[in-house]
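Structure, as structure tokens:
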Amino acid sequence: MEKLISARCKVHIDAGELVSFKVGRHEYIHQKGNPGWRNSDTEMFPIIGPTSEADFMVETPNGMAVQDQHGLLRELAYELVSQTATKVVYLKKYSSGTEIKNSKFPEKSSAAFLTWPYDFRFEKSYELKGTTLEIAFTISGEEGMPYMLGYHPAFYLHNLAPVIDTGARKITLNEVLDVGSRALEVKDCTSITLEDKKKLTITTQGFGSFMLWTEVPNMVCIEPITFYPYAVTQQRLATGFQELGKESKVCTVTLIPED
């Protein structure tokens, strides 16, 4: 497990997964083992959303890809690239056409192996700047490669009635619970504040929207996304793709706790 430490802040990262972000004694991250979700953060790449109704097939310019919900990246292991006292960098690499065993098969999926018809490199870094934590994602690969990117962190809730402030509206936890597994879309938004026992502001670059999900009252996922997958049928998921250019694509998420 990697640790980042500043004067008042401690960050714990386990195999690339953010498992703790504390300022003083206040924990901002959902703790694995608590009700709600078995993880504390993950990525959605190269697709976002479910695919079962499309027989786990997603159309790309290089042919059909076999993808389960939220893509195959989460089936790959992170390699630790570098670490300092305040920054750590991880990497995942994929070679076009390589079959990746699907951990959901056979209990939750009929797709035994997942594939993607492009090479890519996916870098994830955490950098602690005082009490602010910046998470950066750098995607590189073939020019024109289609992709969606979502970041899926879960936040620990200390109060029974937290509020999510989007700037345009305030969303209650009950509103998120009522949507259920589909996730509540927050369109055209780059900054959200979770108003709990202490406030946490999440700002983004390169995403454009959020979706909110929870099915329990003790945690909430506030997820930056490049595309909201429930806007289309699963057979038309490819309409939400962006394309890589000649240069790498960098997207960032910054967690800014209440001072």
ask   = Considering only heavy atoms from C-beta outward, does the side chain of E258 approach that of K197 to under 4.5 Å?
value = no
key: Least distance between heavy atoms, F210 atom then S191 atom   = CE1-N, 3.8 Å
request  = Give, for atom CG of L133 and atom CG of L4, the distance between the pair rounded to the nearest 0.5 Å.
outcome  = 7.5 Å
inquiry  = Side chains of S95 and D119 only: does a donor on one sit below 3.5 Å from an acceptor on the other?
reply    = no
key: 4.5 Å side-chain heavy-atom contact, L200 and L255   = yes
request  = Kindly assign one of parallel, tilted or perpendicular to the pair W213 and W37, based on the angle between their ring planes and the thresholds 30° and 60°.
outcome  = perpendicular
query = Are any of the side-chain heavy atoms of V66 and M64 separated by less than 4.5 Å?
reply = no
ask   = Yes or no on salt bridge (charged side-chain N to carboxylate O under 4.0 Å, His left out) for K170 and E195, after CA distance, side-chain angles and deciding distance?
value = CA-CA 10 Å; K170 291 198 173 187; E195 298 180 354; 3.4 Å; yes
ask   = In this structure, are over 12 heavy atoms from other groups packed under 6.0 Å from K104 atom NZ?
value = yes
query = Could you walk me through whether K124 and E43 pass the salt bridge (charged side-chain N to carboxylate O under 4.0 Å, His left out) check?
reply = CA-CA 10 Å; K124 180 182 186 181; E43 291 76 55; 2.7 Å; yes
remark   = Separation between CZ (F227) and CE (M211), nearest 0.5 Å, reads 10.5 Å
query = Is the F45 ring parallel, tilted or perpendicular to the Y147 ring (thresholds 30°, 60°)?
reply = tilted
note = Interatomic distance, CD@Q83 vs OG@S125, rounded to 0.5 Å, equals 12.5 Å
ask   = Stepwise, does the salt bridge (charged side-chain N to carboxylate O under 4.0 Å, His left out) test hold for K92 with E79?
value = CA-CA 6 Å; K92 291 184 179 184; E79 168 191 349; over 6 Å; no
message = Do Q69 and S52 pair up side chain to side chain, a donor and an acceptor below 3.5 Å, judged on atom types alone?
response = no
query = Counting heavy atoms not belonging to E59, are there more than 12 under 6.0 Å from its CD?
reply = no
request  = May I ask you to check whether over 12 heavy atoms, not counting those of K32, lie within 6.0 Å of atom NZ?
outcome  = yes
query = Without hydrogens or angle criteria, can the side chains of T190 and T204 be said to hold a donor-acceptor pair below 3.5 Å?
reply = no
S103 and E75: side chain donor to acceptor below 3.5 Å = yes
message = Counting neighbours of CD on Q205 that are heavy atoms of other residues, nucleotides or ligands and sit closer than 6.0 Å, is the number greater than 12?
response = no
message = Please report the interatomic distance CG(L184) to SG(C221), rounded to the nearest 0.5 Å.
response = 13.0 Å
task = Go through the steps for T115 and I100 under the test side-chain contact (heavy atoms from CB on, under 4.5 Å), then give the verdict.
result = CA-CA 6 Å; T115 61; I100 303 298; over 6 Å; no
ask   = Are the side chain of E17 and the backbone N or O of S40 linked by a donor-acceptor pair below 3.5 Å?
value = yes
message = Less than 4.5 Å apart, side chain to side chain, heavy atoms only: is that true for Y28 and L18?
response = no
task = Quick one: sort the F122 and Y78 rings into parallel, tilted or perpendicular, breaks at 30° and 60°.
result = tilted
